Amino acid sequence: MEKWYLMTTVVLIGLTVRWTVSLNSYSGAGKPPMFGDYEAQRHWQEITFNLPVKQWYFNSSDNNLLYWGLDYPPLTAYHSLLCAYVAKIINPDWIALHTSRGYESEAHKLFMRATVLIADLLIYIPAVVLYCCCLKEMSSKKKVANALCILLYPGLILIDYGHFQYNSVSLGFALWGVLGVSCHWDVLGSLAFCLALNYKQMELYHSLPFFCFLLGKCFKKGLKGKGFVLLIKLACTVVASFIVCWLPFFSEKEQTLQVLRRLFPVDRGLFEDKVANLWCSLSVFLKIKDILPRHTQLIISFCFTFLSLLPACIKLTLQPCPKAFRFSLVTCALSFFLFSFHVHEKSILLVSLPVCLVLSEIPFMSTWFLLVSTFSMLPLLLKDDLLMPTVVTVMAFFIACATSFSIFEKTSEEELQLKSFSISVRKYLPCFTFLPRIIQHLFLMSVITMVLLTLMTVTLDPPQKYPDLFSVLVCFVSFLKLLFFLVYFNIVIMWDFKNGRNQKKVN
Amino acid sequence: MAALGFAASGGNWFSALVLGVTLLKCLLIPTYHSTDFEVHRNWLAITHSLPISQWYYEATSEWTLDYPPFFAWFEYALSHVAKYFDEEMLNVHNLNYNSSKTILFQRFSVIFTDALFVYAVHEYSFPVQRLFVRINAALHCTVISDGSVRWNSFSYARFISLGLIVFLVSALSLGPFLALNQLPQVFSRLFPFKRGLCHAYWAPNFWALYSALDKVLSVIGLKLKLLDPNKIPKASMTSGLVQQFQHTVLPSVTPLATLLCTLIAIAPSIFCLWFKPQGPRGFLRCLILCALSSFMFGWHVHEKAILLAVLPMSLLSVGKARDASIFLILTTAGHYSLFPLLFTAPELPIKILLMLLFTTYSISSLKTLFRKEKPLFNWMETFYLLGLGPLEVFCEFVFPFTSWKLKYSFLPLLLTSAYCAVGIAYAWFKLYLSALTDPPAGKTRKQ
């Protein structure tokens with residue numbers, strides 16, 4: 001009983017922090033003519049409510065695609081439609097065609113924030129609670145502490161409740177998928193993941209690990225028997241869920257193609273704005289966008305992405321286990337983030353979710369990663385006037401993790417899951433014992449740079465010659481750290497999973 | 001690495017808790033603030049810009065200084081920090097000035113000065129025996145090993161030194177105003193009897209029940225044509241304004257009557273403390289009873305005054321199961337009675353979430369603490385506490401959309417005050433019972 005009381009308390013804390021953050025400003029507040037993501041979501045409610053389905057993704061006099069045209073899959077559109085029905089009951093002015101453009105009021109802000117909270121409460125939060133309760137080899141207090149840390153992750157709170165988005169829906173569905181697939185409810189898990197995919201196409205970052213894990217399971221069960229049956233079941237589930245979600249858009253080929261064009265805007269370029277990935281950081285030194293033609297950029301980014309994620313995926317297919325699955329989610333999503341085409345800085349959340357899931361296994365590195373991921377979005381958060389909530393939630397998260405997991409005591413080779421790797425290296429370099437110490441120093445340096453850069457961005461004005469200096473610095477520094485994490489997580493998968501099942505979990 | 005984390009070890013949960021709560025307070029910075037914000041800004045301005053002789057006479061703003069001089073000195077000290085945030089807030093004529101820097105300063109001053117409260121909690125929670133010994137010494141009662149209570153260590157020297165402390169502190173506080181011959185003015189500001197029996201929002205005390213009964217009787221009387229509508233005063237006591245009113249059906253209450261009621265209410269607990277001392281717990285219980293009795297029968301009580309009883313009660317709650325159940329009823333009803341103060345829509349989820357958070361945690365932890373004894377609540381108490389849920393739903397979600405909103409606009413406030421008053425009165429009564437029926441400490445305490 002006590003565990004449920006504590007879990008309720010933790011959920012209430014999570015909800016309180018979320019709502020208090022939502023009292024702050026949102027993206028594009030008071031900034032006509034384009035405003036921001038908040039206006040985009042309101043506009044989608046307007047479009048989906050007033051126009052027939054066939055016109056949602058097409059350019060027309062009623063639906064100007066240049067003004068926040070729909071660029072997420074159909075499930076987002078249906079969700080906007082649902083919110084629009086509620087908005088109609090409260091105040092039709094909020095979604096009136098054309099005239100509601102740029103509508104801003106306290107009541108409307110309350111409504112929009114409430115929709116985010118309700119979606120979160122129904123989808124993401126139960127998934128987190130259930131996930132933590134299903135963790136093995138852990139006391140109930142540790143499970144509750146784990147839930148607290150995941151729910152306090154600043155990045156998701158600030159983007160969903162500050163900037164304004166519905167990432168908790170797609171990430172929640174993805175988490176239900178992870179839960180289902182890890183607990184051997186493969187069909188339900190795949191269904192949940194398909195829903196996530198149909199909500200935001202960026203969930204494709206997670207699709208390869210799901211595919212490889214499930215394929216690996218089928219192979220293990222034997223493709224001539226149960227494995228084949230499972231394969232068919234999964235294929236049918238995926239196809240059926242896609243058909244159900246896309247049904248209105250399968251009536252004509254042009255509809256389907258148009259939606260795909262909106263979801264995958266290959267014309268938009270290698271990257272937009274400042275993001276902590278390879279291409280943006282490289283462009284500081286070398287203007288790739290100008291040097292290489294568009295299709296070459298596509299091919300190069302494709303190659304980099306797939307080459308970096310292939311080892312983990314192959315290993316997962318050959319040795320499918322939940323632990324390898326979780327870590328592969330991290331590495332694949334990170335590879336996509338660092339090397340893929342047209343990545344938004346908010347896509348780091350797709351990497352943060354799997355890292356939250358491995359928080360109990362490598363608390364030190366996970367906490368560090370989650371802090372870096374929030375920091376990488378600093379320019380965006382500052383633009384939205386969210387400095388105070390950022391600082392407060394980051395500190396709260398750090399304190400929660402430090403107290404729950406005693407992270408600073410868990411920096412030995414074994415706790416960092418680098419033991420096998422270090423042993424292998426020591427065969428050639430017997431003096432290689434200093435890895436934990438290097439990592440500790442790197443952590444210290446990383447925290448110092450993050451704090452310094454934040455202070456500089458907030459207090460100083462950039463030089464006139466380089467007005468984007470601080471944003472670029474933040475992105476570049478974050479990129480280097482994320483690259484380090486990519487290498488680290490890949491090492492953990494490739495080396496330490498040799499003895500995966502024999503390893504004791506240190507808690 | 002050890003130097004990096006103050007909360008490095010899992011055992012340092014107290015620091016983590018304090019920091020966590022402080023961070024939550026920081027998140028509340030952009031929320032709604034009441035007229036009390038302007039009250040304190042005004043006091044900062046008065047104490048900073050004007051000489052002492054003017055402090056209790058200044059009336060440019062309607063929010064005149066009505067706390068004792070130490071608070072005025074406190075505001076004076078704060079004002080010296082305030083000037084680095086925004087000097088304009090210290091101008092007496094800048095009424096309702098609320099620049100973002102002013103808000104930031106005011107919020108941070110509250111968060112920062114909470115450090116004193118944190119320190120007190122820390123000192124109480126950890127070296128408990130030390131504190132009890134201090135309280136014991138201050139009471140001048142020593143329990144001898146033969147179990148009888150004697151004024152053995154009643155020392156005239158210590159009695160005189162206590163009296164001197166009280167005198168000196170009061171002298172420091174009131175001295176300057178005594179010298180300026182302003183004491184009557186100060187007292188008239190501190191005790192404004194023209195303000196009416198109940199505050200703008202009714203504190204859930206005995207007079208709330210009294211006034212509610214009066215209101216109900218007058219409505220019934222009007223319906224049954226027993227009362228003449230022309231003789232009833234137009235403005236109701238429940239309109240949310242601070243004024244002096246008469247009751248319609250029941251006899252009106254004078255300040256003297258409330259003083260007498262309060263004195264009668266606290267007398268038994270004082271005599272109990274005097275003649276049947278029960279050690280530090282007895283002292284604390286008497287303190288709480290006096291606070292609660294004054295809350296129940298006082299003149300122009302603010303609903304915030306319930307905190308004067310709730311906070312000390314929390315110290316008592318971990319001792320016995322009975323005290324724990326009294327605490328839970330008192331605190332839940334007390335906190336719920338503060339809901340009408342935060343009436344804005346954005347703050348609605350916050351107050352509900354914080355209330356649920358505190359209630360869930362306190363009930364579960366006290367239940368765990370006393371799991372070996374009988375259940376904390378009987379069916380009546382459980383029913384009462386659960387009834388708060390439907391009450392909240394009705395007052396905040398159902399009532400605003402009904403046709404009663406125009407005719408009986410006072411209804412949610414009246415219901416809230418009356419319902420909470422029942423709970424608080426019940427807790428007061430139960431606490432009194434335990435104070436009067438518990439044996440003296442000498443008979444039960446082992447040496």
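Computed from heavy atoms alone, side chains included, the values below leave out hydrogens, waters and symmetry copies. Note on naming: letters A, B, ... go to the chains in the order of the sequence lines (proteins, then strands), and numbering restarts at 1 for each one. As the structure is a prediction and not an experimental result, all values here were calculated from the model.
Within a 6.0 Å sphere centred on OH of A:Y85, heavy atoms belonging to other residues, nucleotides or ligands number 12 at most. Within a 6.0 Å sphere centred on NZ of A:K88, other residues, nucleotides and ligands contribute 12 heavy atoms or fewer. Heavy atoms from other residues, nucleotides or ligands lying under 6.0 Å from NZ of B:K367 number 12 at most. By the neighbour-count criterion of 12 heavy atoms within 6.0 Å, atom NZ of B:K83 is densely surrounded, having more than that number from other residues, nucleotides or ligands. In this structure, A:K383 places its NZ atom where only 12 or fewer heavy-atom neighbours from other residues, nucleotides or ligands lie under 6.0 Å away. More than 12 heavy atoms of other shown residues, nucleotides or ligands fall within 6.0 angstrom of atom CZ in A:F434.
In terms of modelled atom types and a separation under 3.5 Å, the side chain of A:W19 and the main chain of B:P346 share a donor-acceptor contact.
Rounding to the nearest 0.5 angstrom, the gap separating the CH2 atom in A:W4 from the OG atom in B:S364 is 14.0 Å. Put simply, CG on B:L23 and CG on A:L152 are 10.0 Å apart, with the number rounded to the nearest 0.5 Å. If you take OG1 on B:T360 and CD1 on A:I13, they are separated by 10.5 Å, rounding to the nearest 0.5 Å. Between atom CD1 of residue A:I399 and atom CG of residue B:L17 there is a gap of 10.5 Å, rounded to the nearest 0.5 Å.
Looking at A:L110, only its side chain comes within 4.5 Å of chain B, counting heavy atoms on both sides. In this structure, the portions of A:M395 lying under 4.5 Å from any heavy atom of chain B include both its backbone and its side chain. Only the side chain of B:I29 comes within less than 4.5 Å of a heavy atom in chain A; its backbone stays farther off.
Of the residues considered (A:L23, A:L12, A:T393, A:L117), A:L12 shows the highest number of contacts with chain B, using heavy-atom pairs under 4.5 Å. For the options A:N24, A:V447, A:T16, heavy-atom pairs under 4.5 Å to chain B are most numerous at A:T16.
The shortest side-chain heavy-atom distance between A:R18 and B:L353 does not fall under the 4.5 Å cut-off.
The shortest heavy-atom contact between B:L27 and A:P389 is CD2-CA, 4.2 Å. Taking both residues in full, the closest heavy atoms of B:Y361 and A:L6 are given as CE1-CD2, 4.5 Å, listed atom of the first, atom of the second, then distance.
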